[in-house]
Amino acid sequence: MKFEKVTKYPNAVLPQRATRGSAGYDFECVEDTVIPAHSIRLLPTGIKCEIDYGFYLQLALRSSTPMKKGLMLANGIGIIDADYYNNESNEGHIMFQVYNFTDEEITIKAGERIGQGVFLPYAITDGDAAISDVRTGGFGST
């Protein structure tokens with residue numbers, strides 16, 4: 001597994017774990033982003049990730065984000081599949097989909113830590129027959 005910068009964002013910061021015991025890699029927002037009240041926005045990280053088959057990257061917000069910022073992941077958790085990497089649509093750009101549940105506009109500044117990613121294994125059923133061998137899009141394509 002390997003994090004890389006998306007071509008469009010050479011200033012992106014590669015995710016790192018804060019401590020030896022940390023499971024999650026901390027992600028930063030790569031550009032200032034405004035989230036209007038009661039709205040959903042994608043927070044760009046400028047990062048893509050080459051993931052070994054049999055694993056996925058699970059995205060979660062930092063535990064303090066709902067109380068401090070009034071944001072939550074709009075989709076509960078984010079799942080980055082191994083074949084999302086270098087897809088034709090967005091190069092595999094990892095973004096956090098957030099919902100602003102407050103009555104105020106919220107701004108996330110470039111460089112602000114927004115979430116974390118944890119690599120997890122997954123299993124498939126006996127006789128599994130995936131619909132396709134090839135991903136044909138980016139965000140939300142499977």
Should [X] and [Y] be regarded as members of a common hydrophobic cluster, given that ILVMFWY residues are connected when their side-chain heavy atoms come within less than 4.5 Å of each other, either directly or indirectly?
X: Ile114; Y: Phe101; value: no
X: Tyr84; Y: Ile51; value: yes
X: Val30; Y: Leu42; value: no
X: Ile40; Y: Val98; value: no

Legend entry - CD (Gln16) with more than 12 external heavy atoms under 6.0 Å: no
Legend entry - Of Ile77, Ile80, Val118, the residue whose pairing with Leu59 passes side-chain contact (heavy atoms from CB on, under 4.5 Å): Ile80
Legend entry - Option from Leu61, Ile35, Ile94 for which side-chain contact (heavy atoms from CB on, under 4.5 Å) with Leu43 holds: Ile35
State the [atom1]-[atom2] distance between [X] and [Y], to the nearest 0.5 angstrom.
X: Leu71; Y: Gln97; atom1: CG; atom2: CD; value: 12.5 Å
X: Leu14; Y: Lys2; atom1: CG; atom2: NZ; value: 10.5 Å
X: Met67; Y: Arg62; atom1: CE; atom2: CZ; value: 14.0 Å
X: Leu73; Y: Phe96; atom1: CG; atom2: CZ; value: 7.0 Å
X: Thr45; Y: Lys5; atom1: OG1; atom2: NZ; value: 12.0 Å
X: Glu91; Y: Lys8; atom1: CD; atom2: NZ; value: 10.5 Å

Legend entry - Check: Ala37 main-chain N/O paired with Ser39 side-chain donor or acceptor under 3.5 Å: yes
Inset, instruction - Could you tell me whether a side-chain N or O of Asn87 sits under 3.5 Å from a main-chain N or O of Ser89, the two making a donor and an acceptor? - result: yes
Can you name the nearest heavy-atom pair linking [X] to [Y], along with the distance?
X: Arg113; Y: Asp26; answer: NH1-OD2, 3.5 Å
X: Pro10; Y: Thr7; answer: CD-O, 3.6 Å
X: Ala12; Y: Gly46; answer: CB-O, 3.5 Å
X: Lys48; Y: Val6; answer: N-CG2, 3.9 Å
X: Tyr9; Y: Pro44; answer: OH-CB, 4.2 Å
X: Thr107; Y: Glu112; answer: O-OE1, 4.3 Å

Inset, instruction - Could you tell me how the ring of Tyr99 sits relative to the ring of His38: parallel (under 30°), tilted (30 to 60°) or perpendicular (over 60°)? - result: tilted
Inset, instruction - Indicate, with yes or no, if the rings of Phe3 and Phe119 have centres closer together than 6.0 Å. - result: yes
Legend entry - Other cluster members, Val34 - Ile/Leu/Val/Met/Phe/Trp/Tyr, side-chain contacts below 4.5 Å: none
